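Note that the structure is predicted; figures quoted are calculated from it, not measured.
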Amino acid sequence: MSHKFDLKNMEKLIRHKLTIVFVFLITQLSFGQDKTPIVQPFLSDIISQFPNVRDLTVSLQEDEIYFTIQSYLGEISTIVTCKRKDGKWSDPEVASFSGMHKDLEPFLSPDQLRLYFVSNRPTDSISKKPKDYDIWFVERRDVSQAWSLPKNIGSPINTPEDEFYPSVSAFNNLFFTRDGAGSKGKDDIFKSKWENGKYTSPVSLNDSINTSGYEFNAFIAPDESFLLYTCYNRDGGMGSGDLYISYKKQNGEWSVAENMGKEINSGQMDYCPFVNVKSGILYFTSKRSDVKSLFDKRQNASELLKEMNKYPNGKSRIYQVNIKEIMNRIVN
């Protein structure tokens, strides 16, 4: 692999000041302060077209998105994309590298020139039998160019077991989920450092992050100042899967992860976080629901259908927390 980052533009790319402010705001959310941002549906007209939308990655300029659409039982799992021009989003199209296998969990690198994803596709052109889930990637020379053919990231990242949810920092260090050897119990968050043009053997993050339970779907900040991920059924949680946050301390260790609170988490599964540090928006997937089970009066069929088809109806949907205005007030 020969992927290189422009270190001279790293500071501009990372938007370090915005990242610091974002961490500050999330800290306030954790402690239940007033004036917290409101979780809102993201592109409901597009997302609600599909039975389930599992995850999302967004370009820095907020003009390109990739997300996974899935059938009700997961037989289909395909990455689609939309582009925004003149303020209008295009209709969803299957990404050039997807559509024939079970693909999911796209992630745009900080320089926007590489897209990582997970797939069960065979590693050779001869075999047609699906394999375990591996991390793959596609590349492009600039944002106006087409993606390359998919490439398997290889060992020591991929193993005969499953690897999921890649997230890469501006230093090209890779964070991902693995449920196999080296974990502290079940799913763990692993890190592999980029050194001398290759990845080192992945290591499960410390006990501040991982436990004997399920930890998965980690987003690493471009400057590695914070880590967002999901913990399943953890004591003190809102229920099912919750988003947690941990901060990189001055000594390089991770702080004990904190639940992001009821302002963001629901009683259902909340997972697959992605942050655009330039815009200050946190995107995540949720199976939350506010569908009513009881009514003041008898409903007809159309009224029931309308209630069941609401955006927050228990299916996997994408939500956003827009904190840009608050960030601007603090920065200025």
Side-chain angles (χ1 to χ4, degrees), residues 14-16 18-31 36-37 39 42 54-58 60 67 105-110 116 164-171 173-178 187-191 204-206 208-211 213-232 234 236-238 240-249 253-266 268-288 316 318-324 326-327:
I14 294 175
R15 310 281 180 168
H16 185 61
L18 292 179
T19 301
I20 292 173
V21 175
F22 176 82
V23 171
F24 169 79
L25 288 168
I26 294 301
T27 303
Q28 302 308 303
L29 281 172
S30 300
F31 289 96
T36 53
V39 172
F42 175 66
R54 193 187 180 282
D55 40 61
L56 177 82
T57 188
V58 184
L60 280 171
F67 56 94
E105 300 177 341
F107 179 87
L108 275 169
S109 62
Y116 299 82
F164 292 106
Y165 214 77
S167 181
V168 178
S169 73
F171 310 109
N173 297 327
L174 174 66
F175 294 72
F176 65 99
T177 304
R178 180 185 283 173
D187 289 4
D188 270 9
I189 308 302
F190 281 75
K191 176 184 178 180
S204 174
L205 296 182
N206 64 22
S208 297
I209 305 295
N210 291 315
T211 68
Y214 292 91
E215 289 82 29
F216 51 93
N217 294 165
F219 169 86
I220 185 65
D223 63 355
E224 300 190 15
S225 60
F226 66 89
L227 185 80
L228 284 172
Y229 65 106
T230 295
C231 300
Y232 178 72
R234 183 175 284 194
M238 305 295 128
S240 189
D242 285 351
L243 294 178
Y244 279 69
I245 187 165
S246 177
Y247 311 105
K248 180 71 71 65
K249 298 189 290 188
E253 295 295 324
W254 291 103
S255 68
V256 176
E258 303 174 47
N259 190 296
M260 293 180 70
K262 63 182 180 181
E263 291 84 1
I264 289 179
N265 289 314
S266 69
Q268 305 301 322
M269 178 67 74
D270 300 295
Y271 59 122
C272 295
F274 182 88
V275 178
N276 184 339
V277 295
K278 179 180 178 182
S279 66
I281 298 177
L282 162 64
Y283 301 91
F284 65 99
T285 308
S286 180
K287 293 186 178 181
R288 63 190 59 200
S316 288
I318 305 298
Y319 293 84
Q320 62 180 352
V321 178
N322 189 336
I323 55 176
K324 183 177 180 180
I326 302 174
M327 292 173 71

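- Judged as a side chain to side chain contact (heavy atoms under 4.5 Å, CB included), and not counting sequence neighbours, the contacts of Thr177 are Phe164, Tyr165, Asp187, Ile189, Phe216.
- Across every non-hydrogen atom of Ser169 and Ala221, the tightest pair is CB-O, 3.9 Å.
- Contact between Ser240 and Gln268 at its shortest, heavy atoms only, is CB-C, 3.6 Å.
- Of the inter-residue distances, the one linking Ile209 atom CD1 with Leu227 atom CG reads 5.0 Å to the nearest 0.5 angstrom.
- Between Leu282 and Leu228 the shortest side-chain heavy-atom distance falls below 4.5 Å.
- Rounding to the nearest 0.5 Å gives a distance of 8.5 Å between CD of Glu215 and OG of Ser204.
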**Request:** Before giving the answer on side-chain contact (heavy atoms from CB on, under 4.5 Å), spell out for Met238 and Arg288 the whole-Å C-alpha distance, their side-chain angles and the decisive distance to 0.1 Å.
**Result:** CA-CA 11 Å; Met238 305 295 128; Arg288 63 190 59 200; over 6 Å; no
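- The side-chain tip of Lys249 does not point at the ring of Trp254 from less than 6.0 angstrom away and within 45° of straight on.
- Contact record, Leu243 with Ile264: CD1-CG2, 4.0 Å, taken as the closest heavy-atom pair.
- To the nearest 0.5 Å, the span separating OH on Tyr116 from CG on Leu174 amounts to 7.0 Å.
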**Request:** Given side-chain contact (heavy atoms from CB on, under 4.5 Å), test Val277 with Asp223 step by step and report yes or no.
**Result:** CA-CA 10 Å; Val277 295; Asp223 63 355; over 6 Å; no
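- To the nearest 0.5 angstrom, Phe67 atom CZ is 8.5 Å from Phe42 atom CZ.
- Remark: of the listed residues Phe107, Tyr229, Phe284, Phe107 is the sole one forming a ring pair (Phe, Tyr, Trp, His ring centres under 6.0 Å) with Phe274.
- Between the side chain of Asn259 and the backbone N or O of Gly237, no donor-acceptor pair lies under 3.5 Å.
- Taking the side chain as every heavy atom from C-beta outward, Cys272 and Leu56 never approach each other to under 4.5 Å.
- In terms of heavy atoms, Ser167 sits closest to Ala218 at CB-O, 3.3 Å.
- The OH atom of Tyr247 sits 9.0 Å away from the CZ atom of Phe226 when rounded to the nearest 0.5 Å.
- Considering all non-hydrogen atoms of both residues, Pro110 and Ala170 come closest at CG-N, 3.8 Å.
- The salt bridge (Lys or Arg N to Asp or Glu O under 4.0 Å) check on Asp242 picks up nothing, with sequence neighbours excluded.
- Atom CG of residue Asp188 and atom CG of residue Leu205 lie 8.0 Å apart, to the nearest 0.5 angstrom.
- Under the 3.5 Å distance criterion, with hydrogens and angles disregarded, a donor-acceptor pair is assigned to the side chains of Ser316 and Tyr271.
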**Message:** Test side-chain contact (heavy atoms from CB on, under 4.5 Å) on Arg234 and Thr211; report intermediate values, then the result.
**Reply:** CA-CA 10 Å; Arg234 183 175 284 194; Thr211 68; 3.3 Å; yes
**Request:** Could you go through the side-chain contact (heavy atoms from CB on, under 4.5 Å) check for Thr230 and Asp270 one step at a time?
**Result:** CA-CA 7 Å; Thr230 295; Asp270 300 295; 5.9 Å; no
